[in-house]
Amino acid sequence: MAVQPLVSDLNEWFGHNARDLPWRKPGVGAWAILVSEFMLQQTPVNRVIPHLQAWLQRWPTPAALAEAAPADAVTQWANLGYPRRALWLHRAAEEITTRHGGVVPRDVEDLLALTGIGDYTARAVAVFAYGERHPVVDTNTRRVLARVIDGRSQPGPPSRRDLDAMDALLPHEREDAALFNAATMELGATICTARAPRCDACPVASLCAWRSAGYPDTGDRRPRQATYEGSDRQVRGLVLRALRESSPSPVAAEDLAPDWPDPAQRDRAIDSLIVDGLIELEDGSACLPRGRKSLSEASAAP
DNA sequence: CACACGTGGCG
DNA sequence: TCGCCAAGTGT
């Protein structure tokens, strides 16, 4: 049952070099894994860790979170960024409670049907929480495969082919496959990094196509990120921060980001936050979503 | 498929 | 300083 060198080398390396992260401790349940994966969507590991601990202490089960008001989820989310993820996590908790009896589902199909869970998170939960065998592909995995397998400096744009590429490398045994998924991500996070890869410390340097090719810069950079200063994103962030800090007290609309130089843009931002369900506006004052069960929700339950 | 969506740290 | 980057997802 020999697996290919890439797998054995990476898994061996992972066995000795895996960081001691909270969601890797023995006995961590599927709910904790799921919450950690939500928080890790575009937020760095080091910033997630303290928030994860606090979140799980407050809401140890999906049912506990489902009973809370969305506003409390958004407030607890604090400055993790992309606050809609707090809303999505709250909604997923409701769905888990009503559709799955409060148990985080194991099947990728079921996981994908939950709000805020896509190709990555669904497989990460199935694999890391339940030991199922699936390819788990995140930005680290894509970069590692681009370099080691394809000899390119950067991965191309995300594609469903990424799943197939990882699937083709996956060892047969579930446990090995889970380790390989985690090891590949870990390599990308700590050694095969985007900016300054530490190829001298890489356990698979001898197998690396990018190295054999002489580390060519194959371009293929991701699209430039829009300027944050003065953006809708920034105003939305300011508005939401004010509401978080005053929650549960409402704030008069005119007191939300009052110094913002472009009032029209600020008003549009507030409207978009309402559309997104992140805030509610009533009688000229705003607050975080209180989450009265809507008629559709109440009657949707079987 | 390209784009919007927060926030902060690092080279 | 400032642009790049971070365990993505939904539209």
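Chain naming here is simple, since letters A, B, ... match the order of the sequence lines and numbering starts at 1 in each.
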Could you tell me the separation between the [atom1] atom of [X] and the [atom2] atom of [N], rounded to a whole number of Å?
X: R85(A); N: dT7(B); atom1: CZ; atom2: P; answer: 10 Å
X: M39(A); N: dG6(B); atom1: CE; atom2: C1'; answer: 15 Å
X: R142(A); N: dA7(C); atom1: CZ; atom2: P; answer: 12 Å
X: Q234(A); N: dG8(B); atom1: CD; atom2: P; answer: 11 Å
X: R236(A); N: dC3(B); atom1: CZ; atom2: P; answer: 18 Å
X: W77(A); N: dT7(B); atom1: CH2; atom2: P; answer: 12 Å
X: L87(A); N: dG6(B); atom1: CG; atom2: C1'; answer: 14 Å

Has [X] got a side-chain atom pairing as donor or acceptor with [Y]'s backbone, closer than 3.5 angstrom?
X: T218(A); Y: S153(A); result: yes
X: R123(A); Y: R133(A); result: no
X: S212(A); Y: C208(A); result: yes
X: S159(A); Y: R161(A); result: yes
X: E280(A); Y: I274(A); result: no

*Are there more than 12 heavy atoms of other residues, nucleotides or ligands under 6.0 Å from atom CG of D200(A)?*
yes

*With DNA chain B as reference, determine whether P157(A) or L273(A) sits nearer its 5' end, using the nearest nucleotide of each.*
P157(A)

*Return the 5'-most residue of the pair P158(A), L278(A) with respect to DNA chain B, ranking by each residue's nearest nucleotide.*
P158(A)

Once you apply a heavy-atom cut-off of 4.0 Å, does [X] come out as touching a base, just sugar-phosphate, or nothing?
X: P223(A); value: nothing
X: A194(A); value: sugar-phosphate
X: R161(A); value: nothing

*Hey, does I270(A) have a side-chain heavy atom less than 4.5 Å from the side chain of V239(A)?*
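A side-chain contact exists here, since the closest heavy-atom pair is under 4.5 Å.
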
_Could you tell me if the side chain of L256(A) sits less than 4.5 Å from the side chain of V235(A), heavy atoms only?_
no

*Contacts of D162(A) that satisfy salt bridge (charged side-chain N to carboxylate O under 4.0 Å, His left out) - sequence neighbours left out*: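 D162(A) satisfies salt bridge (charged side-chain N to carboxylate O under 4.0 Å, His left out) with R142(A) once adjacent residues are dropped.
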
*Rounded to the nearest 0.5 Å, how far apart are CD1 of I191(A) and CZ of R198(A)?*
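That separation rounds to 4.0 Å.
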
*For the atom pair CH2 (W77(A)) and CZ (F38(A)), what is the distance rounded to the nearest 0.5 Å?*
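Those atoms lie 7.5 Å apart.
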
*Could you state whether V136(A) and M166(A) fall into the same hydrophobic cluster, counting links through intermediate Ile, Leu, Val, Met, Phe, Trp or Tyr residues with side-chain heavy atoms under 4.5 angstrom apart?*
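Different hydrophobic clusters.
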
_With clusters defined by side-chain heavy atoms of hydrophobic residues (ILVMFWY) lying less than 4.5 Å apart, directly or transitively, does F180(A) cluster with L207(A)?_
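Same cluster.
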
Could you measure between the two [atom1] atoms, the one in [N] and the one in [M], and give it in whole Å?
N: dA7(C); M: dA2(B); atom1: P; value: 22 Å
N: dT9(C); M: dG8(B); atom1: P; value: 23 Å
N: dA6(C); M: dC1(B); atom1: C1'; value: 22 Å
N: dG6(B); M: dT1(C); atom1: P; value: 26 Å

*Taking only heavy atoms on the protein side, list every residue of residues 162-170 of chain A lying under 4.0 Å from any atom of DNA chain C, sorted numerically.*
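Within residues 162-170 of chain A, no residue comes under 4.0 Å of DNA chain C.
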
*Among residues 13-26 of chain A, which contact DNA chain C at a heavy-atom distance under 4.0 Å?*
R19(A), L21(A), W23(A), R24(A)

Please tabulate the protein-to-nucleotide N/O contacts below 3.5 Å involving nucleotides 8-11 of chain C, giving atom names and distances.
| from | atom 1 | to | atom 2 | distance (Å) |
| --- | --- | --- | --- | --- |
| dG8(C) | OP2 | Q42(A) | N | 3.2 |
| dG8(C) | OP2 | Q42(A) | NE2 | 2.9 |
| dT9(C) | OP1 | G118(A) | N | 2.8 |
| dT9(C) | OP1 | T121(A) | N | 3.0 |
| dT9(C) | OP1 | T121(A) | OG1 | 2.8 |
| dT9(C) | OP2 | Y120(A) | N | 3.2 |
| dG10(C) | OP1 | G116(A) | N | 2.7 |
| dG10(C) | OP1 | I117(A) | N | 3.4 |

Listing time: all N or O pairs from protein to nucleotides 9-11 of chain B that are below 3.5 Å?
none

Compare side-chain N and O positions of [X] against OP1 and OP2 of [N] and report whether any pair is under 4.0 Å apart.
X: Y228(A); N: dG6(B); result: no
X: R222(A); N: dA6(C); result: yes
X: R224(A); N: dA2(B); result: no

*Could you work out the complete set of other residues in the hydrophobic cluster of W210(A), with links drawn between I, L, V, M, F, W and Y side chains under 4.5 Å apart?*
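Members besides W210(A), by chain and number: Y215(A).
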
_Any salt bridge linking D20(A) with K25(A)? Criterion: basic side-chain nitrogen under 4.0 Å from a carboxylate oxygen._
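Salt bridge flag = yes for K25(A) with D20(A).
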
